[in-house]
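Only a predicted model underlies this, so the values are computations on that prediction, with no experimental measurement involved. All residue numbers refer to positions in the sequence shown, counting from 1.
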Amino acid sequence: MDKHISVREQIQQNIARRKKRPFKLEKVAPVSLFIAALISVLTTVGIVLSLVFDAAMFFKQVPFWEFFGSTNLSPLSHTDPKFGILPLINGTIITSLIAMCVAIPIGLTSAIYLSEYASARVRKIVKPLMEVVAGIPTIVYGFFAYSFVTPLLTHIIPSLGAKNALSPGIVMGIMIIPLVTSLSEDAMSSVPNSMREGALALGSTKLEMTFKVIIPAALSGIIASFVLAVSRAIGETMIVTIASGSSKNFTFDITQSMQTMTAYIVEFTSGDAGSGTIGYYSLYAVGLTLFVFTLIMNLVAGYISRKFREGY
């Protein structure tokens, strides 16, 4: 009896000691996590503020309507420099659309195969291979587009220029396929098996089950993968810099050279514009426009995903 009492007393003493001296880790952990989250937020705020302040210096010298309404872009002209961003927006949108025309059909069909048709063994082999493709440096994709894809397409389209929008657009699409496939496959795999079994029990074929049950149920995740892929294409730099060229003409001809917003930033940061000049500040105006583009797309994607999630 005394032995049980002594053990009970020891337990009570340990509890009291812990109450008096709380674990240091329990005190430090919330503070550390808060600091980590705060650093991320402050970094984002710092980036936005740097873009806004330096872009404001640019708009003091170039009217807002001229920047967003003009198709003339000749920033290095010594006599009359022009800073219309429409050629850059046009080049960015066209190359991104070409990339999505490649990435969405191939990526989505690959995701359907991996989620609904592939065996576990095939899935274990294919998914790591796709991750390897996703890890290839973009500069390698750029040289691949310039030295292999463009000469190959020249045999099909003789009028294709050495620098063009078609070749980098296709290669960007190839680069984005693993992103679309992985996220879409994860979304479809998360659909409960009971929905599959119910559709098959009602007499649906596997293909009907996939397109009428699985894809609608996973639509919010699939759309999110598409938007992330578009954002990735818009922000791509090295592929378009190497293979698309630096032509600042406003054109819809994908066989000719076009410059994107990211390629423009690379061109000017290589030393063509001195610090403090209007050309230097134009970098921040273009960067801010690119940031707003991506932000709007993410907001729209979030809204669409919520709507589809509510509908299903």
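How far CD1 of Ile278 is from CZ of Phe58: 5.5 Å, rounded to the nearest 0.5 Å. In this structure, Leu219 CG and Ile214 CD1 are separated by 12.5 Å, a value rounded to the nearest 0.5 Å. Thr241 OG1 to Glu267 CD: the interatomic distance, rounded to the nearest 0.5 Å, is 9.0 Å. With rounding to the nearest 0.5 angstrom, the NZ atom of Lys124 is 14.0 Å from the CG atom of Leu114. The CD atom of Glu236 lies 11.5 Å from the OG1 atom of Thr92; values are rounded to the nearest 0.5 Å. To the nearest 0.5 Å, atom CE of residue Met130 and atom CD1 of residue Ile177 are 7.0 Å apart.
Counting all heavy atoms, side chain and backbone alike, Pro128 lies closest to Arg123 at CD-O, 4.0 Å. For the residue pair Pro168 and Ser244, the shortest heavy atom distance occurs at CG-CB, 3.8 Å. When all heavy atoms of Gly91 and Thr95 are compared, the pair lying nearest together is O-OG1, 2.8 Å. Among all heavy-atom pairs drawn from Thr251 and Asn90, the shortest one is O-ND2, 2.5 Å. The shortest heavy-atom contact between Thr150 and Leu160 is O-CD2, 3.8 Å. Minimum interatomic distance between Asp54 and Tyr281 (heavy atoms only, all atoms of both residues): O-CD2, 3.5 Å.
For the ring pair (Phe, Tyr, Trp, His ring centres under 6.0 Å) test, no residue two or more places apart in sequence or in another chain qualifies with Phe211. With sequence neighbours excluded, the residues forming a side-chain contact (heavy atoms from CB on, under 4.5 Å) with Leu129 are Ile125, listed by chain and number. Checked against side-chain contact (heavy atoms from CB on, under 4.5 Å), Ile104 has the following partners two or more places apart in sequence or in another chain: Met100, Phe226. Every residue was checked against the salt bridge (charged side-chain N to carboxylate O under 4.0 Å, His left out) condition with Lys163, not counting sequence neighbours, and none meets it. Residues passing the salt bridge (charged side-chain N to carboxylate O under 4.0 Å, His left out) test with Asp186, sequence neighbours excluded: Lys127.
Two residues are said to be in side-chain contact when any heavy atoms from C-beta on lie closer than 4.5 Å; Ile98 and Ile170 meet this criterion. Phe293 is listed as a side-chain neighbour of Thr289, based on a closest heavy-atom distance under 4.5 Å. No side-chain heavy atom of Leu290 sits under 4.5 Å from any side-chain heavy atom of Val286. Looking at Met297 and Thr294, their side chains never come closer than 4.5 Å, going by heavy atoms from C-beta outward. Two residues are said to be in side-chain contact when any heavy atoms from C-beta on lie closer than 4.5 Å; Asn72 and Glu66 fail this criterion. The closest side-chain heavy-atom distance from Tyr117 to Leu207 is below 4.5 Å.
For the pair Lys248 and Tyr264, the cation does not sit on the ring face, since its NZ or CZ is not both under 6.0 Å from the ring centre and inside 45° of the axis.
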| message | side chain to side chain contact (heavy atoms under 4.5 Å, CB included) for Val133 and Tyr141? Distances and angles first, verdict last. | response | CA-CA 10 Å; Val133 173; Tyr141 280 113; 3.2 Å; yes

| task | Please report the C-alpha distance between Ile85 and Leu73 in whole Å, then the side-chain angles of each, then the deciding distance to 0.1 Å, and finally whether the side chain to side chain contact (heavy atoms under 4.5 Å, CB included) criterion is met. | result | CA-CA 7 Å; Ile85 197 176; Leu73 180 61; over 6 Å; no

| query | After noting the C-alpha distance and the side-chain angles of Ile215 and Ile112, does the key distance pass the side chain to side chain contact (heavy atoms under 4.5 Å, CB included) rule? | reply | CA-CA 9 Å; Ile215 290 180; Ile112 292 172; 3.7 Å; yes

| query | Does the side chain to side chain contact (heavy atoms under 4.5 Å, CB included) test come out yes or no for Ile35 and Val31, once each step is laid out? | reply | CA-CA 6 Å; Ile35 291 173; Val31 177; 3.9 Å; yes

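Side chain of Ser167 to main chain of Ala145: a donor-acceptor pair is present (N/O by atom type, distance under 3.5 Å, no hydrogens or angles). The closest donor-acceptor contact from the side chain of Thr181 to the backbone of Pro178 lies at 3.5 Å or more, if one exists at all. Checking side-chain atoms of Ser204 against main-chain N and O of Ala199 turns up a donor-acceptor pair under 3.5 Å. Distance alone, capped at 3.5 Å, is enough to place a donor-acceptor pair between the Arg196 side chain and the Val191 backbone. In this structure, the side chain of Ser40 does not engage the main chain of Ala36 through any donor-acceptor pair within 3.5 Å.
One hydrophobic cluster, built from ILVMFWY side chains closer than 4.5 Å, holds both Ile89 and Ile296. Hydrophobic cluster membership differs between Val132 and Ile139, with clusters built from Ile, Leu, Val, Met, Phe, Trp and Tyr side chains linked at under 4.5 angstrom. Note on Ile156: it clusters hydrophobically with Leu166, by side-chain heavy-atom contacts below 4.5 Å among ILVMFWY residues. When the side chains of ILVMFWY residues are joined at heavy-atom separations under 4.5 Å, either directly or via intervening members, Val45 and Leu38 end up in two distinct hydrophobic clusters. Hydrophobic cluster membership differs between Leu42 and Val48, with clusters built from Ile, Leu, Val, Met, Phe, Trp and Tyr side chains linked at under 4.5 angstrom.
Within a 6.0 Å sphere centred on CZ of Phe250, heavy atoms belonging to other residues, nucleotides or ligands number more than 12.
For the 3.5 Å distance criterion, the side chains of Ser189 and Glu185 qualify, holding a donor opposite an acceptor.
In the hydrophobic clustering (ILVMFWY side chains linked at under 4.5 Å, chained through shared members), Leu202 stands by itself.
Between Phe59 and Phe67, the ring center distance clears the sub-6.0 Å criterion. Between Phe148 and Tyr146, a ring centre-to-centre spacing not shorter than 6.0 Å is recorded.
The aromatic rings of Phe64 and Phe68 sit tilted relative to each other, their planes meeting at an angle between 30° and 60°.
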